Amino acid sequence: MNRSLVDSGDVRGVVAAATEALRTAAGQDWQAPAGDLSWSCWETVEHVADDLFAYAGQLAADQPPADRYVPWGYRRARPDAPALTVYVQHADGNAGLLQVLEAAGGLLAAVVRAAPPERRGFHPFGLADASGFAAMGIVEVLVHLWDLAGTLEFAWSPDPDVCARVLRRLFPDAPAGQEPWPTLLWCTGRVALPGRARQTQWRWQADVRSLPAGA
């Protein structure tokens with residue numbers, strides 16, 4: 001196995017860790033805003049699940065679209081809410097929301113594992129392979145859990161090896177000399193780094209590139 005790549009096992013591991021962390025805060029108010037986002041904690045978890053589901057969809061077909069998203073229907077629950085295909089029944093509470101998060105993560109992991117290496121799927125930031133979609137899904141989980149932890153006050157410290165491999169795949173120009181997790185937070189506009197202000201605009205590189213020698 002090439003451990004320079006981000007793979008299905010990473011997706012499962014990160015989603016499992018996120019779900020475990022969120023369960024420790026299950027009794028709190030998930031209708032409160034998530035960190036400095038305009039979304040509630042509930043909407044933010046729905047958004048993460050929706051992204052995992054959507055990324056799976058971009059790779060699942062034998063001939064994925066190369067110029068657009070798979071045309072799932074979607075809507076916003078309110079003007080400032082995320083646009084979603086995946087919604088969770090509020091009657092099922094936070095436990096039901098976490099079941100949907102786990103299921104969506106499982107779908108992405110399964111598709112990443114099954115996709116042939118030559119398969120590519122559309123993302124606005126470039127045509128991505130399975131490892132790219134795995135990395136993008138993991139970024140959504142990692143950084144939005146950081147947003148959530150700011151409100152729900154649970155512990156969240158991701159595996160630095162996973163963060164480092166995600167950085168290599170999606171952020172090849174990330175600054176060197178810092179720990180992987182704060183570097184990923186800087187790359188996604190969450191924090192400042194020494195000598196580097198917090199970013200107000202950012203993007204990753206989804207397209208397939210050759211990894212650096214020795215990566």
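Values reported hereafter were calculated over all heavy atoms of this structure, with side chains retained and with hydrogens, waters and symmetry mates removed. This is a predicted model, so every value here is computed, not measured.
Counting heavy atoms of neighbouring residues, nucleotides and ligands inside a 6.0 Å radius, atom CD of Q199 exceeds 12 of them. At most 12 non-hydrogen atoms from other residues, nucleotides or ligands lie less than 6.0 angstrom from CZ of R113. Atom OH of Y74 sits in a sparse spot, with 12 or fewer heavy atoms from other residues, nucleotides or ligands closer than 6.0 Å. In E118, the CD atom is crowded: over 12 heavy atoms of neighbouring residues, nucleotides or ligands sit closer than 6.0 Å.
In this structure, W186 contributes its side chain and A197 its backbone to a donor-acceptor pair below 3.5 Å. Judged by distance alone, with hydrogens and angles left aside, the side-chain atoms of N94 form a donor-acceptor pair with the main-chain N or O of A26 at under 3.5 Å. Panel note: side chain W181, backbone S157; no donor-acceptor pair is recorded below 3.5 Å. Proximity of a side-chain donor or acceptor of R169 to a complementary backbone N or O of A206 within less than 3.5 Å is detected. Remark: side-chain polar atoms of S40 are not paired, donor with acceptor, to backbone N or O of A32 under 3.5 angstrom. No side-chain donor-acceptor contact under 3.5 Å links T151 to the backbone of L148. Using a distance-only test at 3.5 Å, with no hydrogens or angles considered, no donor-acceptor pair links the side chain of Q58 to the main chain of P64. Listed for the R190 side chain is a donor-acceptor partner under 3.5 Å among the backbone atoms of T188. Of the possible polar contacts, one joining the S131 side chain to the V6 backbone as a donor-acceptor pair under 3.5 Å is found. Listed for the Q28 side chain is a donor-acceptor partner under 3.5 Å among the backbone atoms of L152.
Ion pairing between D10 and R165 holds under the 4.0 Å rule for side-chain N and carboxylate O. Salt bridge annotation for R23-E102: present, with a cationic side-chain nitrogen under 4.0 angstrom from a carboxylate oxygen. With respect to D207 and R120, no salt bridge is recorded, no charged nitrogen being found less than 4.0 Å from a carboxylate O.
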Should L101 and L22 be marked as a side chain to side chain contact (heavy atoms under 4.5 Å, CB included) after you check the CA-CA gap, both sets of side-chain angles, and the distance that decides it? CA-CA 11 Å; L101 177 63; L22 287 167; 3.9 Å; yes

Side chain to side chain contact (heavy atoms under 4.5 Å, CB included) between Q178 and R196: does it pass, once the steps are laid out? CA-CA 11 Å; Q178 303 291 332; R196 296 177 184 269; over 6 Å; no

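Atom CG of D62 is separated from atom CZ of R119 by 5.5 Å, given to the nearest 0.5 angstrom. In this structure, L59 CG and F133 CZ are separated by 5.0 Å, a value rounded to the nearest 0.5 Å.
By the 30° and 60° cut-offs, the orientation of the rings of Y69 relative to H123 is perpendicular. Note: F171 and W204 have perpendicular aromatic rings, judged against thresholds of 30 and 60 degrees for the angle between ring planes.
Using a 4.5 Å heavy-atom threshold, the side chains of L84 and R76 count as separate. Here the side chains of F125 and Q205 are not in contact, with every heavy-atom distance at 4.5 Å or above.
Between the side chains of H144 and D147, at least one donor N or O sits under 3.5 Å from an acceptor N or O.
Under the 4.5 Å side-chain heavy-atom criterion for Ile, Leu, Val, Met, Phe, Trp and Tyr, W42 and L37 are members of distinct hydrophobic clusters.
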